[in-house]
Protein chains: 2
Amino acid sequence: MGKQMTEMLKGTLEGIVLAILSVRPAYGYEITARLREQGFADIAEGTVYALLVRIERNGLVGVEKVPSEKGPPRKVYSLNVPGREYLEEFWTTWGFLADRLGQLKEEGK
Amino acid sequence: MGKQMTEMLKGTLEGIVLAILSVRPAYGYEITARLREQGFADIAEGTVYALLVRIERNGLVGVEKVPSEKGPPRKVYSLNVPGREYLEEFWTTWGFLADRLGQLKEEGK
DNA sequence: CTTCACTACTTGGTGATACTAGCTACCAGT
DNA sequence: ACTGGTAGCTAGTATCACCAAGTAGTGAAG
């Protein structure tokens, strides 16, 4: 997309990935692919991997190495309890923001 | 609020301010006050001023200096044509993101 | 008349985040 | 041997909001 999307993703991409992981565990390459399918066509692979390292370091996910038939072993991430709490906070924050924005959009027309 | 909100505001605060200006021209101090009323209690003044400088530099707004009875002269910003186009793009981008997030939230429960 | 409070704008430095642009490595098919 | 798909990693860059402090003007309180 463009610069606007890039900036908007700051702060939300983390929540998006956590939300994906809340459905079921997944590994980086898979998450990137799913994002692309969902319309986030130009999210760089490197971005996702860096984000995964970060949320692991912050203790929001657990990791398990699983061998793959095609290529190097996968690092499968799964949301843990602190991760779920963090995701809840994310939805609250997002809800507040979406409310304000929705209101502003109404006023603007 | 917290770190999540800070990060989420990146990219959206600009749109929020442009949306405020799309209703009618305003100056920095006024915009800050209005944001606080609207629930963005802890947006730093410096942040708003820096943002205004940026959108002026990017040619999205016009500026007019207006004397004030109380304090230094006000710099009144008004949205120009490129600014309105940019705001349109912002709403499109926001709409896309809000859609995806809404869908993800559904799947997650 | 000096201090305080409110109005109004400015500036330098910091931290967090996504992007760019590469790289390593494993496997299958041509 | 080479290509393409799978899978993960890294260094450097740009952008953005925040923090902290400062500059100025006005009016009211002491």
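So you know, we letter chains A, B, ... as the sequences are listed, proteins then strands, and number each from 1.
Atom CD1 of B/I55 is separated from atom P of C/dC9 by 13 Å (rounded to the nearest Å). Atom CD of A/Q4 and atom P of C/dA18 are 17 Å apart (whole Å). As rounded to whole Å, 9 Å separates atom P of C/dT10 from atom CG of B/L52. Here C/dC23 presents its P atom at 15 Å from CD of A/E45, a figure rounded to the nearest Å. Distance CD (A/E69) to P (C/dG29): 13 Å, rounded to an integer number of Å.
One hydrophobic cluster holds both B/V63 and B/L60 under the rule that ILVMFWY side chains link at heavy-atom gaps under 4.5 Å.
A/R34 has no carboxylate O lying under 4.0 Å from a charged side-chain N of A/E37, or vice versa, which leaves the two without a salt bridge. A salt bridge links B/R54 to B/E14: at least one charged side-chain nitrogen sits closer than 4.0 Å to a carboxylate oxygen.
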Go through B/I31 and B/Y49 one step at a time and tell me if the side chain to side chain contact (heavy atoms under 4.5 Å, CB included) criterion holds. CA-CA 9 Å; B/I31 293 172; B/Y49 287 112; over 6 Å; no

Could you please spell out the steps behind the side chain to side chain contact (heavy atoms under 4.5 Å, CB included) verdict for A/E56 and A/K75? CA-CA 11 Å; A/E56 183 191 355; A/K75 286 180 71 175; 4.3 Å; yes

Could I get a table of every N or O pair under 3.5 Å where one atom is in the protein and the other is in nucleotides 16-20 of chain D?
unit_1, atom_1, unit_2, atom_2, d
D/dC16, OP1, A/K3, NZ, 3.2
D/dC16, OP2, B/R54, NE, 3.4
D/dC16, O2, B/K10, NZ, 3.2
D/dA17, OP1, B/L9, O, 3.3
D/dA17, OP2, B/R54, NH1, 3.0
D/dA17, OP2, B/R54, NH2, 3.3
D/dC18, OP2, B/T47, OG1, 2.9

Which atoms of nucleotides 5-7 of chain C (N or O only) lie under 3.5 Å from a protein N or O atom, and what are those distances?
unit_1, atom_1, unit_2, atom_2, d
C/dT7, OP2, B/Y29, OH, 2.7
C/dT7, O5', B/Y29, OH, 3.4
C/dT7, O3', B/K70, O, 3.1

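B/Y86 OH to B/S22 OG: the interatomic distance, rounded to the nearest 0.5 Å, is 14.5 Å.
Scored by the ring pair (Phe, Tyr, Trp, His ring centres under 6.0 Å) test, B/F40 finds A/F96 as partners (sequence neighbours excluded).
If you check every strand for non-hydrogen atoms under 4.0 Å, B/E30 touches nothing.
With a 4.5 Å cut-off on side-chain heavy atoms, A/V61 and A/L52 do not count as touching.
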